[in-house]
Amino acid sequence: MPMKIEQALTSLVIQAIRSLYNSTVESKSIVFQKTNAEYEGDLTIVVFPFLKISKKSPEVTAKEIGAYLQANSPEVEHFSVVKGFLNLVISGQYWFDYFTKVAENTGYAFVPVTDSSPTVMLEYSSPNTNKPLHLGHIRNNLLGYSVAEILKVNGNKVIKANLVNDRGIHICKSMLAWKKWGNGETPESAGIKGDHLVGKYYVEFDKNLKSQISNLKSQGLSEEEAEKKAPFMLEVQEMLRKWEAGDAEVVGLWKMMNSWVYKGFDETYKMLGVDFDKMYYESDTYLLGKKMIDEGLSKNVFNRGADGSVFIDLTPDGLDKKILLRSDGTSVYMTQDMGTAVERFKEFPELSKLIYTVGNEQDYHFKVLFLVLKKLGYKWAESCYHLSYGMVELPEGKMKSREGKVVDADDLIKEMIDTARETTMELGKTEGLELHEAEKLYHAIGLGALKYFILKVDPKKKMLFNPKESIDFNGHTGPFVQYTYARIQSVLRKGGSVVGSRLSVVGINRKEKNLIKIIYDFPGVVQDAGREYNPGVIANYVYELSKEYNQFYHDITILKEENADLRNFRLALSAKVAEVIRSGMNLLGIEVPEKM
RNA sequence: GCUUCCGUAGCUCAACUGGAUAGAGUGUAGGCCUCCGGAGCCUAAGGUUGUGGGUUCGACUCCCGCCGGGAGCACCA
């Protein structure tokens with residue numbers, strides 16, 4: 001990657017200040033920003049921080065520094081001053097040279113992974129096996145996958161992990177309902193995906209339990225008592241005990257129903273295009289944390305209550321007391337998470353970061369988890385990070401899975417693809433496409449729209465999904481970017497290939513310069529996205545690039561340009577834009593079609 | 001009640017981490033296919049950034065107080 005012009009200018013500004021005002025400034029205080037479109041210029045230096053040193057007005061200071069830069073840097077063509085802002089015009093030659101240097105280098109924005117690169121484990125997805133995936137899971141999956149890809153191109157080895165919540169009382173609920181009312185129904189016999197079938201029995205259980213509870217309440221029991229004494233509740237608890245004791249029949253049922261669910265999940269994962277390097281199952285790991293109870297007690301980090309329960313008192317840290325072992329000796333979620341974290345650093349001692357992709361409703365949980373690990377003396381505790389994301393809300397409010405107010409993942413994916421198919425046909429773009437190619441295209445567009453819609457939003461913020469309005473293919477959307485890519489491919493097919501490093505052009509126009517400047521920004525954007533764990537940075541960037549290209553395409557002739565050098569340059573520029581769009585979209589897990 | 005996150009155009013989202021007159025899309029009203037793909041391009045209207053103070057050359061951004069909303073609050077996961 002060529003050196004950034006900002007670096008060279010920074011040291012020049014330091015020189016300027018030394019020579020003009022006989023003083024030194026830190027490079028940190030020299031901030032560059034893009035020049036506003038309404039003024040002439042490429043880069044702007046804010047001179048307010050230097051006024052104390054120069055003891056002159058903002059205008060004079062800016063002019064003096066500007067003159068120095070112009071005199072000492074061939075890249076600074078000229079400059080102008082507006083109030084305290086020094087606007088620098090960087091020569092077209094510089095931008096053109098930059099372009100020829102990166103034109104042939106597809107990885108110019110990426111940090112390569114080597115043997116000595118740090119290893120990061122990123123956990124995401126982590127579903128429960130008692131119901132199918134919904135829109136909330138989709139955000140988790142897309143976010144996790146994308147951040148993993150972004151970390152890779154920032155020079156990290158990434159292990160994508162999925163910890164499946166495959167045991168516990170909620171799983172037993174589906175099992176019990178199926179046993180009672182299922183009549184041996186299977187995904188095959190019912191013609192339903194396995195995860196949906198199991199989910200159906202989960203709902204069934206809940207319904208029947210509720211009617212039992214309301215019966216008991218009408219007999220005069222309180223809500224709390226009724227919940228505890230409902231026969232179905234007692235039965236399901238008994239089932240969980242049997243499962244933990246290894247009862248052959250219960251375990252057999254559990255295995256069968258879970259295998260249905262996994263098959264269903266695999267289909268959904270495949271449609272979403274997400275994958276994992278490492279699968280963990282809670283049935284293997286849920287006992288891990290128990291060992292740490294003694295460790296914590298002997299280190300006086302944990303306390304034992306009179307009833308035998310174990311807890312940690314975090315009130316000195318501004319948090320609460322947190323139970324870690326129930327009075328009956330069983331462990332809670334927190335304990336399990338402690339155990340699995342320790343286990344992972346044992347399994348992968350080279351881990352430099354452990355990232356959990358989990359919704360922000362668990363912010364407190366992870367705050368406590370990391371603090372407990374730190375108090376136990378694990379120095380890697382500070383390398384743990386909660387990639388917290390906001391909830392997806394519907395126009396009518398939060399999704400409630402128990403009330404059936406959810407957007408089912410499989411339904412939504414299908415709807416996106418159907419809409420892509422309809423739109424493509426309406427626009428008459430299916431000509432000359434084989435059927436299976438067409439279907440691949442609808443998938444790319446439908447999923448592209450969905451993924452882009454979700455990933456363009458800052459993960460930290462909650463987002464609204466309106467099923468009627470959110471499926472849009474125009475404007476600031478995935479298909480807009482895909483369309484721009486396909487359009488460029490069409491130009492390149494007609495224009496032939498050119499060697500970007502052997503170009504010569506006398507001058508570049510404003511639109512060309514704008515495009516090169518955006519291409520120039522890509523490395524920094526990739527870095528920002530990685531530092532912030534935010535795919536939205538990439539999404540907004542590829543949109544900006546696409547928009548600029550479409551203007552260029554509209555205003556500037558490419559194929560019919562008579563000057564061969566200019567024509568070649570514009571073809572090479574188009575090819576580079578397409579390549580950056582493709583690599584950016586791939587970081588979001590979105591495919592770009594050659595035609596659409 | 002305590003802790004915590006959030007309020008930006010009618011709607012959905014940005015704003016380079018404290019910098020210029022807060023930007024896009026969508027929707028609304030208009031315009032652009034004799035030119036490489038109209039899923040595109042251009043123009044217009046649309047804002048006291050919830051609100052009141054403070055910090056400073058400068059605040060959507062930092063601090064404090066209100067108003068409104070979400071989430072979490074030891075033996076659920």
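Small disclaimer: the values here were computed from a predicted structure and weren't measured. In what follows, chains carry the letters A, B, and so on, assigned in the order in which the sequence lines appear, proteins first and then strands, with residues in each chain numbered from 1.
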Is the base of B:G58 stacked against the aromatic ring of A:F48, taking ring centres under 5.5 Å apart and planes under 30° as the test?
no

Counting Watson-Crick and G-U wobble pairs only, both distances under 3.5 Å, name the nucleotide matched with B:C41, or none.
B:G31

Walk me through it: do A:N360 and A:H386 pass the test side chain to side chain donor-acceptor pair (under 3.5 Å)?
CA-CA 9 Å; A:N360 65 7; A:H386 176 203; over 6 Å; no

Pick one for B:U61: is it syn, with its angle within 90° of 0, or anti?
anti

Looking across every strand, which nucleic acid part, if any, lies under 4.0 Å from A:T477 by heavy atom: base, sugar-phosphate, or nothing?
nothing

Under 4.0 Å, heavy atoms only, any strand: does A:Q362 hit a base, just the sugar-phosphate, or nothing?
base

Contact class for A:I169 (heavy atom, under 4.0 Å): base, sugar-phosphate, or nothing?
nothing

I need the CG-P distance between A:N466 and B:C13, as an integer number of Å.
11 Å

Identified pairing partner of B:G46, criterion: Watson-Crick or G-U wobble below 3.5 Å:
none

How many Å lie between NZ on A:K462 and P on B:G72, as a whole number?
15 Å

Residue-level proximity of residues 49-61 of chain A to RNA chain B when a heavy atom falls under 4.0 Å
A:P49

So what does A:I556 touch, heavy atoms closer than 4.0 Å: a base, only the sugar-phosphate, or nothing?
base

For B:C66, is chi within 90° of 0 (syn) or not (anti)?
anti

Go through the steps for A:E415 and A:D418 under the test side-chain contact (heavy atoms from CB on, under 4.5 Å), then give the verdict.
CA-CA 5 Å; A:E415 200 184 330; A:D418 288 345; 5.6 Å; no

By the 4.0 Å heavy-atom rule, please label A:V457 as base, sugar-phosphate, or nothing.
sugar-phosphate

In whole angstrom, what separates A:K494's NZ from B:C36's P?
7 Å

Can a side chain N or O of A:R326 be found less than 4.0 Å away from OP1 or OP2 on B:A77?
yes

Could you check whether A:Y549 and A:F552 have their ring centres less than 6.0 Å apart?
yes

Taking NZ, NE, NH1 and NH2 as the nitrogens, is one of them in A:R241 or A:E238 under 4.0 Å from a carboxylate oxygen of the other?
yes

Pairwise 5' ranking along RNA chain B for A:N36 and A:M391, keeping only the more 5' one:
A:N36

If the cut-off is 4.0 Å, is A:Y483 near the phosphate of B:A39, judged by side-chain N/O to OP1 or OP2?
yes

List the steps and the verdict of side chain to side chain donor-acceptor pair (under 3.5 Å) for A:Q482 and A:Y452.
CA-CA 11 Å; A:Q482 290 172 318; A:Y452 192 92; over 6 Å; no

Assess whether one donor atom and one acceptor atom, taken from the side chain of A:T424 and the base of B:A39, lie less than 3.5 Å apart.
yes

Quick one: A:L371 CG to B:A74 C1', roughly how many Å, whole number?
15 Å

If I take atom CZ in residue A:F480 and atom P in nucleotide B:G25, what distance separates them, rounded to the nearest angstrom?
9 Å

Is the A:F453 ring parallel, tilted or perpendicular to the A:F465 ring (thresholds 30°, 60°)?
perpendicular

Where does the angle between the aromatic ring planes of A:W254 and A:W243 fall among parallel (under 30°), tilted (30 to 60°) and perpendicular (over 60°)?
perpendicular

Do the numbers put A:K4 on top of the ring of A:Y520, so that NZ or CZ is under 6.0 Å from the six-membered ring centre and no more than 45° off the axis?
yes

Have a look at A:V46 and say if it touches a base, only the backbone sugar-phosphate, or nothing, with a 4.0 Å heavy-atom cut-off.
base

Can you tell me the base-pairing partner of B:C13? Count Watson-Crick or G-U wobble geometry only, both distances below 3.5 Å, and say none if there is no partner.
B:G23

Whole-Å distance, A:H476 NE2 to B:G27 P, equals 15 Å

At under 4.0 Å between heavy atoms, what does A:K83 touch on the DNA or RNA strands: base, sugar-phosphate, or nothing?
sugar-phosphate

Would you mind telling me which of B:U26, B:A39, B:G25 lies closest to the side-chain atoms of A:I445?
B:A39

Listed by chain and number, what are the side chain to side chain donor-acceptor pair (under 3.5 Å) partners of A:T330, not counting sequence neighbours?
A:R326, A:D328

So which one's nearest nucleotide on RNA chain B is more toward 5', A:K456 or A:S309?
A:K456

Looking at B:C75, does its base get a donor-acceptor pair with the side chain of A:D307 below 3.5 Å?
yes

Cation-pi between A:R167 and A:Y286: NZ/CZ under 6.0 Å from ring centre and within 45° of the ring axis?
yes

Side-chain atoms of A:L464 come closest, of B:A77, B:C13, B:U17, to B:C13

In whole angstroms, how far is the P atom of B:A77 from the CG atom of A:N165?
9 Å

Check every strand shown and say whether A:D313 touches a base, only sugar-phosphate, or nothing at a heavy-atom separation below 4.0 Å.
nothing

Would you tell me if any nitrogen or oxygen in the side chain of A:N474 comes within less than 4.0 Å of OP1 or OP2 on B:G40?
yes

Using the P atom as the reference point in each nucleotide, state the distance between B:C62 and B:A15 in Å, no decimals.
13 Å

Between A:Y543 and A:F480, how do the two ring planes meet: parallel, tilted or perpendicular, split at 30° and 60°?
tilted

Side-chain N or O of A:R487 closer than 4.0 Å to phosphate OP1/OP2 of B:G38:
yes

Taking B:U17, B:U26, B:C41 as options, the one with an atom nearest any side-chain atom of A:Q551 is B:C41

Quick check on B:C73: is either OP1 or OP2 less than 4.0 Å from any side-chain nitrogen or oxygen of A:K321?
no

When you measure from the side chain of A:I323, which nucleotide among B:A24, B:A74, B:C42 comes out closest?
B:A74

Which is true for A:Q33 with a 4.0 Å heavy-atom rule: it touches a base, it touches only sugar-phosphate, or it touches nothing?
base

Rounded to whole Å, OH of A:Y543 lies from P of B:U12 at a distance of 18 Å

Quantified in whole Å, what is the C1' atom distance between nucleotide B:A45 and nucleotide B:A59?
28 Å

Describe the nucleic acid contact of A:Q336 in one word from base, sugar-phosphate, nothing, applying a heavy-atom distance below 4.0 Å.
nothing

Euclidean distance for C1', B:U51 against B:C67 (whole angstrom):
7 Å

So what does A:L427 hit on the nucleic acid, given a heavy-atom distance under 4.0 Å: a base, only sugar-phosphate, or nothing?
base

Polar pair under 3.5 Å, donor/acceptor by atom type, side chain A:S327, base B:C75
yes

Mind checking A:F85 for me? I need base, sugar-phosphate or nothing, with any heavy atom below 4.0 Å counting as a touch.
base

Just call it for A:M463: base, sugar-phosphate, or nothing, with non-hydrogen atoms closer than 4.0 Å on any strand.
sugar-phosphate

Which part of the nucleic acid, if any, lies within contact of A:T330, taking any heavy atom under 4.0 Å across all strands shown: a base, the sugar-phosphate backbone alone, or nothing?
nothing

For the base of B:A20, is there a side-chain donor-acceptor partner from A:N87 under 3.5 Å away?
yes

